[in-house]
Amino acid sequence: MVVAAVDDFLFRSKIRATAKHAGVDISFAKNAGEIIEMARTLKPSMVIFDLNSGSLDPIETIRTMKTEPALAGIRTLGFVSHVDADRIHAARTAGADEVMARSAFAGNLADILLTDRTAQP
């Protein structure tokens, strides 16, 4: 199970289609509160964040997850414009497990999801 905090329609569609093809269950959160609630209830193996999202407050949500003991072990992966050095630094400082350029995320999405699936117990 993967939760995606992505409000960009094109990326949501790409993630949904790739997850379906890879056989990975995916749920999309609509706001920061929902991300945390879904992490608590669904116990996903990974939460994917669009770090450029203006409405999902990804940096603070990652920070909240990493400071809450029950959520700290959930893998967090953020993707962002490769030129947004401040946001990359902020995500890493907040505790994101991995931060990658949008292009790398899009190009490796199947592998990211498949790696996640094979990591399941």
Side-chain angles (χ1 to χ4, degrees):
M1 161 58 64
V2 174
V3 170
V6 177
D7 55 7
D8 179 289
F9 180 74
L10 293 175
F11 268 92
R12 283 175 68 108
S13 296
K14 180 174 181 59
I15 293 167
R16 181 178 287 115
T18 305
K20 183 177 179 180
H21 182 72
V24 174
D25 291 329
I26 187 110
S27 292
F28 289 90
K30 297 176 185 151
N31 57 55
E34 192 171 78
I35 296 164
I36 298 298
E37 185 60 29
M38 291 173 89
R40 287 179 182 141
T41 59
L42 298 176
K43 306 287 189 227
S45 56
M46 177 171 53
V47 179
I48 296 170
F49 290 90
D50 178 351
L51 298 174
N52 290 116
S53 172
S55 64
L56 295 171
D57 199 9
I59 304 299
E60 191 55 39
T61 305
I62 291 168
R63 183 176 285 106
T64 298
M65 286 182 64
K66 293 305 181 178
T67 58
E68 188 172 316
L71 304 179
I74 297 173
R75 180 177 171 219
T76 53
L77 183 151
F79 63 91
V80 63
S81 169
H82 72 281
V83 298
D84 197 342
D86 290 341
R87 196 170 304 266
I88 291 167
H89 177 73
R92 289 182 175 145
T93 300
D97 295 305
E98 188 171 359
V99 178
M100 61 178 49
R102 291 174 82 81
S103 58
F105 175 77
N108 294 301
L109 182 55
D111 289 336
I112 291 165
L113 293 174
L114 286 172
T115 299
D116 182 70
R117 188 181 72 186
T118 59
Q120 296 293 314

Closest non-hydrogen atom pair between [X] and [Y], with its separation:
| X | Y | answer |
| --- | --- | --- |
| Ile59 | Arg87 | CD1-O, 4.0 Å |
| Ala29 | Arg12 | O-NH1, 4.1 Å |
| Ile88 | His82 | CD1-O, 4.0 Å |
| Ser53 | Pro58 | O-CD, 3.6 Å |

Roughly how far apart are [X] [atom1] and [Y] [atom2], rounded to 0.5 Å?
| X | Y | atom1 | atom2 | result |
| --- | --- | --- | --- | --- |
| Phe28 | Glu34 | CZ | CD | 12.0 Å |
| Met46 | Glu98 | CE | CD | 9.0 Å |
| Leu71 | Thr76 | CG | OG1 | 11.0 Å |
| Ile74 | Glu68 | CD1 | CD | 9.0 Å |
| Lys66 | Thr64 | NZ | OG1 | 12.0 Å |
| Ile35 | Arg40 | CD1 | CZ | 12.0 Å |

I want to check something: taking the side chain as every heavy atom from C-beta on, are [X] and [Y] in contact at a cut-off of under 4.5 Å?
| X | Y | answer |
| --- | --- | --- |
| Asp86 | Asp84 | yes |
| Arg102 | Asn52 | yes |
| Ser45 | Arg75 | no |
| Phe11 | Leu109 | no |
| Asn108 | Met100 | no |
| Asp50 | Leu56 | no |
| Ile62 | Leu51 | yes |

Problem - Chi angles and distances behind the side-chain contact (heavy atoms from CB on, under 4.5 Å) call for Leu113, Ile48 - result: CA-CA 10 Å; Leu113 293 174; Ile48 296 170; 4.3 Å; yes
Problem - Heavy-atom neighbours of Lys43 NZ exceed 12 at 6.0 Å - result: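 Yes, enclosed.
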Practice task
Kindly indicate, with the supporting measurements, whether the criterion side-chain contact (heavy atoms from CB on, under 4.5 Å) is fulfilled by Asp97 and Leu77.
Solution key: CA-CA 6 Å; Asp97 295 305; Leu77 183 151; over 6 Å; no
